[in-house]
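Computed from a predicted model, the values in this text were never measured in an experiment. All chains are named by letter (A, B, ...) in the order of the sequence lines, taking the proteins before the strands, and each is independently numbered beginning at 1.
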2 protein chains.
Amino acid sequence: MTDTKTRVMDSAERLFAERGFAATSLRDITADAGVNLAAVNYHFGTKEALLSAVFDRRFGPINQERLELLDAAECRAEGAALDLEEILRFFLLPPFAKMQEWGDAGPNFIRLVGRAHSDTNEQTRASFLRPFEGIVSRYEVALRRALPNLDRAELRWRLHFVIGAMAHTMAWCQMMKTPGRRRGAPPEIVQEALVRFVSAGMRAPASDRGGETS
Amino acid sequence: MTDTKTRVMDSAERLFAERGFAATSLRDITADAGVNLAAVNYHFGTKEALLSAVFDRRFGPINQERLELLDAAECRAEGAALDLEEILRFFLLPPFAKMQEWGDAGPNFIRLVGRAHSDTNEQTRASFLRPFEGIVSRYEVALRRALPNLDRAELRWRLHFVIGAMAHTMAWCQMMKTPGRRRGAPPEIVQEALVRFVSAGMRAPASDRGGETS
DNA sequence: GTCTATATGCGGATAGAC
DNA sequence: GTCTATCCGCATATAGAC
């Protein structure tokens, strides 16, 4: 039996992902976790603080891996521009890699993050979107070096589309096959398909003025 | 002064898009609309029925246009396969075209739909996702004809990524410039960028086994 | 740290006058 | 069709015993 705090976070993670934050009551969570209602306020203070705790526990590690992979590769490259597909791989794959590391609890969090990407609430933005935007800026610089002929605004929009494809895949990650399920492709197949798709999208011929070719 | 029913739907549309369904109370809506609380139950019955009404009002026309554009083009082609980019244009552009037709109220609904794409609630699925899935199946057939060498499962996933890129762009459509705003690109620019991006993604070289080249 | 009990307010929905 | 007033349950959060 794991400890109360962890049990609450696990249940919250799953229920927030399935029903959304506002539609999930603390009673739903504590009933699911098999703990007392008052334990939530004792351990976390408020419902919003619980949401932040749920994000912080797993989103930090994902983003740290994103940064470390990029840093390490840039260090190895000694000033040369990185390969486009490599950069996209570093950006896209950590969520799915961690999902598999985390076992049964992984998909819950990944779904939650997938949905959070289209969330405009101020509470979600604070604990989720703000740190993510730092990552995006960092990758935007790397991508600009890999695609030096692509118009800056166009690159920003394409990065936006990359995030959309990734977020949607995360939100519906239950469509991927895990060892126990019948339907759906294994995560590795989907990940590779995603990388191929967005790599080609980033390299698309540009509009009439200002061209990127290869 | 427009009629009460319309005012309620307009406010609901905006607030559902901004805060989400569960986080928006009927009191928020009626206060924003400047109508009496009881009017909601008189005109719509329940809060869920109001949500359905909000979807039905605008999502039907969008999907009808998607179908009509595809039908008309297939009719003109007289049995020949359509061009990939043309198909994607028919699928992707109606939401944005309608958004601009609808003026100030347009972006609210488009954001709502963008968020709904990653919603797994049963209530949202019923009034939104089910009809959409019919459209997707129809387009999947057309795409398979345009990309006959692409593996079927791979095509499904790529269509999934297309939807993700589109949904994310819809959810953040306030980033596009409308006549009165300073920042952001005009919608036409973004739409074209999206079409170019996903067209290239769909045509990406396939994995080792089973290839699609041009 | 964990429980019971409860304060306090907001939620959707309705009754019934006009 | 529109209003006021209200029912009633559920929400978050807390007090205080153990």
J.: Expressed in angstrom and rounded to an integer, what is the separation of B:Arg7 atom CZ from D:dT2 atom C1'?
T.: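 Taking atom C1' of D:dT2 as the reference, CZ of B:Arg7 is at 14 Å.
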J.: Picking from A:Leu112, A:Thr124, A:Leu129, what satisfies side-chain contact (heavy atoms from CB on, under 4.5 Å) with A:Asp119?
T.: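 Among A:Leu112, A:Thr124, A:Leu129, the one meeting side-chain contact (heavy atoms from CB on, under 4.5 Å) with A:Asp119 is A:Thr124.
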J.: Return a single string for nucleotides 4-18 of chain C, one symbol per nucleotide in 5' to 3' order, where B is base contact, S is sugar-phosphate-only contact and - is none, cutoff 4.0 angstrom on heavy atoms.
T.: B------BBBB----
J.: Look at the side-chain N and O atoms of B:Thr4 and state whether any lies under 4.0 Å from the OP1 or OP2 oxygen of D:dG1.
T.: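 Negative; the distance criterion is not met.
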J.: So, using side-chain hydrogen bond (donor to acceptor under 3.5 Å, both in side chains) as the criterion, who are the partners of B:Arg14 when residues are at least two apart?
T.: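 For B:Arg14 the side-chain hydrogen bond (donor to acceptor under 3.5 Å, both in side chains) partners, ignoring immediate neighbours, are B:Glu18, B:Asp32.
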J.: Classify the ring geometry of B:Phe59 against B:Phe128: parallel below 30°, tilted from 30° to 60°, perpendicular beyond 60°.
T.: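 The arrangement is tilted - the two ring planes meet at 30° to 60°.
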J.: Has B:Arg7 got a side-chain atom pairing as donor or acceptor with B:Ala33's backbone, closer than 3.5 angstrom?
T.: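 Checking the backbone N and O of B:Ala33 against the side chain of B:Arg7, a donor-acceptor pair under 3.5 Å is found.
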J.: Could you tell me how the ring of A:Phe132 sits relative to the ring of A:His117: parallel (under 30°), tilted (30 to 60°) or perpendicular (over 60°)?
T.: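 The arrangement is perpendicular - the two ring planes meet at more than 60°.
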